[in-house]
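To keep things clear, I will list the structure first and then write my remarks on it.
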There are 2 protein chains.
Amino acid sequence: MRTEDLPTVRALDLFAAMSDESFADLMQGAFFQRFPPQVMLIEEGDTADFLYVVVEGMVEMIAQGNERETTIAVMEPVSTFILAAVLRDAVYLMSARTLERSRLLMIPAESIREAMERDPAFTRAMVRELAGAFRGVIKSLKSQKLRSAVERLANWLLVAHDDQGANGTVTLGIDKRTLAALLGMTPENLSRAFGTLRGYGIEVAGREIVLSRPDDLRGLAKSNPLIDDRET
Amino acid sequence: MRTEDLPTVRALDLFAAMSDESFADLMQGAFFQRFPPQVMLIEEGDTADFLYVVVEGMVEMIAQGNERETTIAVMEPVSTFILAAVLRDAVYLMSARTLERSRLLMIPAESIREAMERDPAFTRAMVRELAGAFRGVIKSLKSQKLRSAVERLANWLLVAHDDQGANGTVTLGIDKRTLAALLGMTPENLSRAFGTLRGYGIEVAGREIVLSRPDDLRGLAKSNPLIDDRET
DNA sequence: CAGATTTCTTGATATTAATCAATGTTCTCC
DNA sequence: GGAGAACATTGATTAATATCAAGAAATCTG
């Protein structure tokens with residue numbers, strides 16, 4: 001196993017507080033694996049065998065049902081996914097698919113559960129991580145239930161804008177169909193939502209978005225820190 | 001403080017594995033309090049001072065925004081709420097309001113965090129609890145994004161039917177406006193959704209619902225264990 | 001119990017979002 | 001560079017949901 005990325009993993013909130021010994025034990029059975037784009041890593045309903053850490057690339061968390069599918073979240077480096085299923089020794093509630101060529105660290109679920117038995121600092125970090133994840137989903141649910149499609153897009157743009165340096169442009173890291181699914185709308189509707197935002201200073205050119213009048217956009221978006229702020 | 005309910009609280013998954021000593025410490029600063037119906041217990045944005053345990057009554061978790069409000073969950077005895085905010089020492093993302101006369105155990109947030117430092121078994125129980133809560137919200141989000149209003153109602157009815165003994169009737173424990181908010185629709189739409197379900201053997205008389213042909217309803221609902229099953 | 005208040009239902013209409021269909025655009029890869 | 005595929009946009013239409021308004025039913029209260 002390539003160890004050059006281990007320090008990055010080790011630096012994650014989730015692993016930072018572990019003893020060296022526990023971390024070494026945890027990595028004992030773990031391994032890195034590369035995947036091409038559009039590979040289904042896990043399917044909802046499968047039993048949770050591994051905890052995944054996205055080290056490179058991008059992974060989409062998907063929910064299926066009613067002959068549809070929707071995107072719940074997009075995971076970027078460096079973050080973990082399907083922690084909750086692993087901890088409960090339960091089946092996955094979401095599927096995961098690579099969006100681009102990705103490198104993932106896979107840690108056997110059993111190792112995680114053992115580490116929790118032995119290392120209280122790790123368990124506490126887990127509590128923080130899960131509490132943060134919980135709050136993240138609550139925010140998504142609030143956004144979905146309280147906002148219209150256009151408002152969801154406007155707020156998403158403002159957050160991305162901030163993330164990318166607030167310099168008046170946003171570059172989409174995912175394609176528009178994925179963004180549409182993430183925001184809970186169809187691709188057609190996303191196009192129309194962008195059209196509506198033209199009146200608020202938004203210009204779209206492929207994956208490059210210009211926010212010429214962010215304050216106008218903010219007026220429409222009615223951002224709410226209890227929905228839009230990242231968990232720290 | 002009345003101690004007759006402490007065994008019930010102690011029996012909760014969250015507290016069952018604690019040492020007697022930690023539990024005693026935890027209860028040191030805790031107290032029971034009664035509230036009339038329709039009392040706002042906490043408002044979103046407030047800092048998390050207490051962990052709440054619903055011992056009697058019913059509490060509604062609410063999210064606000066865009067001059068609207070929606071119900072995220074209804075908490076019944078015996079369960080805790082706003083655990084995640086307490087653990088992250090963050091502001092609440094949801095408000096809470098009693099639906100009926102309720103008795104709550106209030107545990108200072110600081111005590112919870114201290115107990116976690118000292119009692120690894122408690123921390124592990126916390127992990128399980130949070131992972132379960134996370135999965136619960138994911139299910140709500142899936143329901144909201146993948147299903148129509150009528151489908152959400154149909155599935156809610158089937159779950160309630162099972163909970164209540166699957167004897168062909170369901171009694172609503174909450175009023176219809178609250179149910180509507182929980183299911184992400186307006187009260188008017190809930191009425192119409194019930195109307196639609198008449199064609200599937202549903203008869204509504206106030207808070208009493210008769211499911212005369214559950215199999216028909218199941219046909220419409222297309223239930224999915226990865227959305228509808230309770231976390232165990 | 002009567003009156004007042006709240007909740008629920010129903011109908012009419014408006015708004016929002018999804019679907020279907022066609023076309024334009026971008027990307028891929030030989 | 002060009003053919004083919006995937007992705008994105010646009011328009012027309014339909015479907016789902018919300019809003020507004022009114023009335024009916026249930027409930028609270030003195």
Side-chain angles (χ1 to χ4, degrees), chain A residues 36-39 60 65-71 97-101 143-154 156 170-199 202-209 220-222, chain B residues 36-38 60 65-71 97 99-101 143-156 170-199 202-209 220 222:
Chain A
Q38 300 300 326
V39 169
E60 184 185 11
N66 254 342
E67 285 117 65
R68 300 191 204 169
E69 74 171 49
T70 187
T71 302
R97 188 202 288 139
T98 54
L99 280 171
E100 41 185 58
R101 190 171 147 73
S143 177
Q144 194 66 36
K145 288 183 82 171
L146 292 170
R147 288 175 169 164
S148 69
V150 173
E151 288 168 347
R152 292 197 298 274
L153 174 58
W156 186 91
V170 167
T171 306
L172 303 181
I174 55 182
D175 56 23
K176 287 183 186 147
R177 50 164 29 196
T178 307
L179 179 58
L182 182 65
L183 295 176
M185 62 185 98
T186 57
E188 292 96 325
N189 244 313
L190 178 64
S191 274
R192 295 193 180 101
F194 272 122
T196 304
L197 293 186
R198 225 174 279 137
I202 299 297
E203 294 145 47
V204 181
R207 288 191 169 198
E208 296 301 317
I209 319 274
L220 172 77
K222 284 162 281 168
Chain B
Q38 300 300 327
E60 185 185 11
N66 254 342
E67 285 116 65
R68 300 193 203 167
E69 73 170 50
T70 188
T71 302
R97 188 203 288 140
L99 280 171
E100 41 183 58
R101 190 172 148 72
S143 177
Q144 193 66 36
K145 288 183 81 172
L146 293 170
R147 287 175 169 163
S148 71
V150 173
E151 287 167 346
R152 292 196 297 275
L153 174 58
N155 281 291
W156 186 91
V170 167
T171 305
L172 302 182
I174 54 182
D175 56 24
K176 288 185 184 143
R177 51 161 31 195
T178 308
L179 179 58
L182 183 63
L183 296 176
M185 62 184 100
T186 58
E188 292 95 323
N189 245 314
L190 178 64
S191 273
R192 296 193 179 98
F194 272 123
T196 305
L197 293 186
R198 226 175 278 137
I202 299 297
E203 295 144 47
V204 181
R207 288 193 169 196
E208 296 302 316
I209 319 273
L220 172 77
K222 283 161 281 164

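Chain A is the first sequence line, chain B the second, and so forth, proteins listed ahead of strands; every chain is numbered from 1.
- Remark: A:Arg152 CZ to A:Leu183 CG distance equals 7.0 Å, nearest 0.5 Å.
- The closest side-chain heavy-atom distance from B:Thr70 to B:Gln144 is not below 4.5 Å.
- Between A:Arg147 and A:Gly206, the one whose closest nucleotide on DNA chain C sits nearer the 5' end is A:Arg147.
- Separating the CD atom of B:Gln38 from the P atom of C:dT6 is a distance of 11 Å, rounded to the nearest angstrom.
- A:Asp175 comes within 4.0 angstrom of sugar-phosphate atoms only, judged by non-hydrogen atoms across all strands, and of no base.
- Within 6.0 Å of CZ on B:Arg177 lie no more than 12 heavy atoms contributed by other residues, nucleotides or ligands.
- Rounded to an integer number of Å, the gap from A:Leu183 CG to D:dA8 P is 13 Å.
- Nucleic acid contact for A:Ser148: sugar-phosphate only, since backbone atoms but no base atoms lie under 4.0 Å from a heavy atom of the residue.
- Between A:Lys176 and D:dT9 there is a side-chain N or O to OP1 or OP2 distance below 4.0 Å.
- The CD atom of B:Glu151 sits 16 Å away from the P atom of D:dA15 (whole-angstrom rounding).
- Between B:Ser191 and C:dC8, a side-chain N or O to OP1/OP2 separation shorter than 4.0 Å is absent.
- Listed nucleotides: D:dT10, D:dC7, C:dT9. Nearest to the side chain of A:Arg177: D:dC7.
- One distance of note links CG of B:Leu197 with CG of B:Leu153; it measures 5.0 Å at 0.5 Å rounding.
- If you measure from atom CZ of A:Arg152 to atom P of C:dT16, you get 12 Å, rounded to the nearest angstrom.
- Atom CD in B:Glu208 sits about 16 Å away from atom C1' in C:dC8, given to the nearest Å.
- Between the CG atom of A:Leu190 and the P atom of C:dT19 there is a distance of 15 Å, rounded to whole Å.
- B:Leu179 has its CG atom 14 Å from the C1' atom of C:dT7, to the nearest Å.
- One atom, CD1 of B:Ile209, and another, C1' of C:dT9, lie 14 Å apart when rounded to the nearest Å.
- For A:Arg207, the CZ atom sits in a packed shell: over 12 heavy atoms of surrounding residues, nucleotides or ligands are nearer than 6.0 Å.
- A donor N or O paired with an acceptor N or O is found under 3.5 Å between the base of D:dC20 and the side-chain atoms of B:Glu188.
- For C:dA17, the OP1/OP2 oxygens have no side-chain nitrogen or oxygen of A:Asn189 closer than 4.0 Å.
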